Number of protein chains: 2
Amino acid sequence: MAKVTLQSVADRVGVSRMTVSNAFSRPDQLSADLRARILAAAAELGYAGPDPAARALARGRTGSVGLLINGSLSEAFEDAVSAAFLAAVSDELSSRGMALTLLPSSEDERFVPARDVAVDGALVYICDPTAPDIDWLRRRSIPVVVVDHNVEAGTASVNVDDRGGARLAAEHLVGLGHRRIGVVTLEVDPDEPNYPARERMLGWRDALDPAGIEPTVVTTPYSPRTAAYDVAHGLLSAPDRPTGVLCFSDAFAIATIRAAQSLGLQVPGDVSVVGFDDSVLAAASQPALTTIHQEVGEKGRAAVAAIADVIGGTTPDPVLLPTSIVVRESTAPPPA
Amino acid sequence: MAKVTLQSVADRVGVSRMTVSNAFSRPDQLSADLRARILAAAAELGYAGPDPAARALARGRTGSVGLLINGSLSEAFEDAVSAAFLAAVSDELSSRGMALTLLPSSEDERFVPARDVAVDGALVYICDPTAPDIDWLRRRSIPVVVVDHNVEAGTASVNVDDRGGARLAAEHLVGLGHRRIGVVTLEVDPDEPNYPARERMLGWRDALDPAGIEPTVVTTPYSPRTAAYDVAHGLLSAPDRPTGVLCFSDAFAIATIRAAQSLGLQVPGDVSVVGFDDSVLAAASQPALTTIHQEVGEKGRAAVAAIADVIGGTTPDPVLLPTSIVVRESTAPPPA
DNA sequence: CAGGACTTCTGTACCGATACAGTACGCCGC
DNA sequence: GCGGCGTACTGTATCGGTACAGAAGTCCTG
């Protein structure tokens with residue numbers, strides 16, 4: 001069976017191809033009567049509407065937005081915080097009539113999603129800033145919004161006040177009377193710094209430095225839960241172990257609590273633990289986590305609003321979303 | 001600044017447009033020397049490579065596969081099992097050089113991703129079979145692979161042996177000596193049946209019927225955790241409460257355990273609970289869940305392999321992945 | 001030294017739509 | 001009766017590539 005195109009339908013009805021195109025894409029350009037006849041003929045011929053690829057070329061827009069993710073996609077889906085972000089982004093995009101295309105960074109030179117997939121714009125999400133994929137987006141001059149990243153002048157961005165939040169966390173422990181404080185966080189590679197990790201560290205110090213407290217910092221490279229457990233275990237095994245621990249995320253905090261419990265320490269009786277993100281894990285944890293709340297859903301919606309603006313030609317102001325502290329059961333004054 | 005196309009580069013180097021195209025897409029078609037000169041000129045002009053939209057039209061392939069999801073994307077991301085599936089799919093696709101485009105079902109007639117977004121093929125994942133989006137895919141004659149759905153003849157599919165797994169679960173309880181058995185599962189709307197829910201019910205009955213056991217079934221519409229808790233609570237409050245409960249998923253099972261504990265019942269001392277999926281929740285639960293293991297990652301990879309086949313023109317045989325039972329701590333013989 | 005087989009590069013014809021600038025015609029006001 | 005304006009439809013020129021069938025030159029081979 002021959003391929004059905006606008007032309008086939010046009011021939012069938014006896015109008016020009018353009019009129020058929022208008023019947024589908026600009027209904028106000030023709031009479032309702034003719035339009036109905038065209039649609040009927042299209043249905044009869046099995047024509048499903050304008051071919052998206054051809055339309056994308058002719059219009060210069062594809063109707064989908066890319067999400068650049070560097071590193072394993074599995075991690076992105078399985079981490080509660082990034083999953084919630086993805087969910088918010090895709091929901092918001094679909095309510096604005098756009099699809100979401102994932103652009104993993106490629107290991108294979110022959111196919112680089114950031115270079116070879118048609119998108120109208122892209123969100124740069126979990127990426128080290130040195131990733132070549134980001135360069136591809138720039139070279140293609142694709143509209144970009146950067147999320148959870150340091151802001152380069154002129155680039156639209158959406159960030160969370162990581163530093164301010166971390167400061168709240170540290171102030172909370174100091175306010176409770178803690179003086180020996182530990183930090184369990186991501187390893188920050190100076191060559192490809194993780195922006196939230198750096199900012200949170202700055203925030204913790206913002207509160208600890210004025211109090212004259214030098215925290216004991218232990219780090220682990222991205223994510224393996226067991227690794228966070230191990231370093232937390234080491235931190236809490238030391239003779240002068242901290243009485244309060246600031247953690248990079250709720251997942252890190254939960255690993256820390258596990259480590260404390262395995263050492264026979266009470267949380268918060270012997271050790272207070274503060275998380276970050278206020279993910280679903282936090283409230284469900286035993287004991288429930290004191291943590292820093294960030295609006296992940298709002299972050300996703302703001303990112304979509306920003307990319308829509310950039311695609312539309314305007315440059316939105318950088319967005320900085322607030323953070324706040326949620327005090328639950330994992331913190332208390334230090335033991336006497 | 002004027003747009004840079006193949007032609008600009010060709011003019012600059014003094015070769016034909018076709019040769020520049022070959023330099024990018026078919027390196028073996030020209031001499032290494034000329035290719036290097038072309039690439040250099042391209043870099044100089046800021047040409048980032050062939051435009052994906054134009055290439056998609058000319059080649060008839062876009063390099064991305066769609067994933068049709070019916071209902072809220074948030075649920076898909078936040079549920080551990082579907083998130084793991086998505087992760088496996090996207091990882092496998094990217095290692096095969098394809099991107100993943102999410103096709104949410106649209107509420108707005110003007111933009112229907114399944115109709116308006118260019119993809120080479122699509123996985124039909126969480127969808128009620130009556131969704132109009134599936135029709136769009138068919139009308140566009142896009143290659144399709146159906147996952148976790150009933151199989152129509154001639155359509156490629158990937159399924160898990162839900163029925164066999166459910167049977168194992170029920171046999172396990174019967175084998176332990178349970179005679180009063182409850183089922184906590186999804187509501188099955190006859191108009192748009194949830195395939196796994198139906199199959200699992202059949203599997204449970206496969207084992208219970210021969211034993212002469214009529215289970216007490218309670219159901220809840222999709223997913224809200226609190227709803228599962230509520231119906232489980234009701235089930236376990238009855239005077240002749242079951243001693244063993246078969247659950248639709250691990251999330252349902254955990255809600256059921258919570259309900260039991262809130263009623264002062266010991267799991268598994270007073271009530272045994274069996275989950276389904278063996279998601280990350282299962283092992284982490286207190287007590288750890290006895291559950292039915294399914295290979296979600298394998299399901300994702302099989303789905304990608306199948307869609308690649310269909311796009312390639314062959315029709316792969318339906319895939320049915322095995323399930324197995326994992327006995328942990330949430331089941332025991334009924335109280336004496 | 002004719003002839004086949006490569007290697008390299010080119011010309012032309014699409015791929016399937018949309019944009020934009022008409023053209024044709026009916027209707028109104030003066 | 002004629003300019004002006006809307007509405008309804010059409011023609012043509014792209015959009016930026018790729019496929020495929022040559023054409024020209026080079027290298028062997030018998």
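Remember, predicted model here, so these are calculated numbers, not experimental data. First the proteins, then the strands, lettered A, B, ... as listed; each starts at 1.
Closest-nucleotide positions on DNA chain C for A:Thr5 and B:Ser16 were compared, and the one nearer the 5' end corresponds to B:Ser16.
No side-chain donor-acceptor contact under 3.5 Å links B:Ser141 to the backbone of B:Arg138. Of the possible donor and acceptor atoms, none in the side chain of A:Arg115 sits under 3.5 Å from a partner among the backbone N and O of A:Arg140.
On a pure distance criterion of 3.5 Å, a polar donor-acceptor pair joins the side chain of B:Arg17 and the base of D:dG17.
Between A:Ser31 and D:dC9 there is a side-chain polar atom (N or O) within less than 4.0 angstrom of OP1 or OP2.
Of the residues in residues 35-60 of chain A, A:Leu57, A:Ala58 come within less than 4.0 Å of DNA chain D through at least one heavy atom, sorted by number.
When the P atom of C:dA17 is taken as reference, atom CZ of B:Arg140 falls 11 Å away, rounded to whole Å. For the pair B:Lys3 NZ and D:dG16 C1', the interatomic distance rounds to 9 Å; values are reported in whole Å. If you take CG of A:Asn22 and P of C:dA19, they are 9 Å apart, rounded to a whole angstrom. Going from atom CG of A:Leu6 over to atom P of C:dA19 covers 12 Å, rounded to whole Å. The interatomic distance linking B:Gln29 (CD) with C:dC9 (P) rounds to 10 Å, in whole Å. Rounded to an integer number of Å, the gap from A:Arg61 CZ to D:dC15 P is 17 Å. Taking atom CD on B:Gln7 and atom P on D:dT14, their separation rounds to 13 Å, with Å as the unit. What separates CE of B:Met18 from C1' of C:dT10 is a distance of 9 Å, to the nearest Å.
Salt-bridge formation is not detected for the pair A:Lys299/A:Glu295: no Lys NZ or Arg NE/NH1/NH2 atom is positioned less than 4.0 Å from an Asp or Glu carboxylate oxygen.
Atom CG of residue A:Leu68 and atom CG of residue A:Leu103 lie 6.0 Å apart, to the nearest 0.5 angstrom. Summarising the geometry, atom CG belonging to B:Leu100 is positioned 7.5 Å from atom CG belonging to B:Leu123; distances are rounded to the nearest 0.5 Å.
Among residues at least two apart or in separate chains, side-chain hydrogen bond (donor to acceptor under 3.5 Å, both in side chains) pairs with a member in residues 49-69 of chain B are B:Ser25-B:Arg55, B:Thr62-B:Asp120, B:Ser64-B:Thr101.
Within 4.0 Å (heavy atoms only), A:Arg26 reaches sugar-phosphate atoms of the nucleic acid but no base atom.
Between A:Leu34 and A:Thr19 there is a side-chain heavy-atom pair separated by less than 4.5 Å.
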